[in-house]
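For the single chain, residues carry numbers from 1 onward in sequence order.
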Amino acid sequence: MLRALLANSDLSGLLVIGAYRDNEVSERHPLMLALGDIRTAGTPLREITLGPLPLLQLTQFIADTLHTDADRAAPLAELVLAKTAGNPFFVTQFLKTLHQE
């Protein structure tokens with residue numbers, strides 16, 4: 001379906017956002033093959049690689065989430081960075097776990 005939608009040049013103004021873990025798909029994975037077909041059809045694609053969050057951005061993220069200032073969020077941000085290595089997925093999972101407990 002994704003291939004059919006995005007390779008259709010009659011559709012304009014359609015924005016599709018997807019996410020995948022690049023370490024879990026090979027060049028022969030159906031998603032990678034579909035993205036290749038979409039590129040061949042001339043549909044513009046933009047890929048954004050999300051790397052680990054550095055301490056400064058992680059501190060701001062936590063401060064925004066908790067509606068507090070960066071100084072108060074810094075100790076938690078340091079703990080989260082130590083536990084998750086800044087991996088955005090693990091950051092959110094760790095924070096959800098802390099909230100639940």
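- Paired with Leu95 under the rule side-chain contact (heavy atoms from CB on, under 4.5 Å), one option of Thr97, Val91, Thr92 passes, and it is Val91.
- Scanning all heavy atoms of the two residues, the minimum distance from Pro52 to Pro88 falls at CA-CD, 4.4 Å.
- Atoms CG and CG, on Leu98 and Leu79 in that order, are 7.0 Å from each other to the nearest 0.5 Å.
- The structure places CG of Asp37 at 12.0 Å from CE of Met32, a figure rounded to the nearest 0.5 Å.
- For the pair Arg21/Phe89, a side-chain contact is recorded, criterion being any heavy-atom separation below 4.5 Å from C-beta on.
- Across every non-hydrogen atom of Ala73 and Thr68, the tightest pair is CB-CG2, 4.2 Å.
- Leu81 and Leu53 make their closest contact through CD1-O, 3.7 Å (heavy atoms, listed as atom of the first residue, atom of the second, distance).
- Remark: Leu58 CG to Thr65 OG1 distance equals 9.5 Å, nearest 0.5 Å.
- Atom CG in Leu35 sits 10.5 Å away from atom NE2 in His29 (nearest 0.5 Å).
- The 12-atom threshold is exceeded at CZ of Phe94, counting heavy atoms of other residues, nucleotides or ligands nearer than 6.0 Å.
- Nearest heavy-atom pair across Arg39 and Leu45 is CG-CD1, 3.5 Å.
- Cluster annotation: Leu31 is connected to Ile38 through the hydrophobic network of ILVMFWY side chains, with a link wherever side-chain heavy atoms come within less than 4.5 Å.
- For Arg72, the CZ atom is loosely surrounded, since the number of other residues' heavy atoms within 6.0 Å does not exceed 12.
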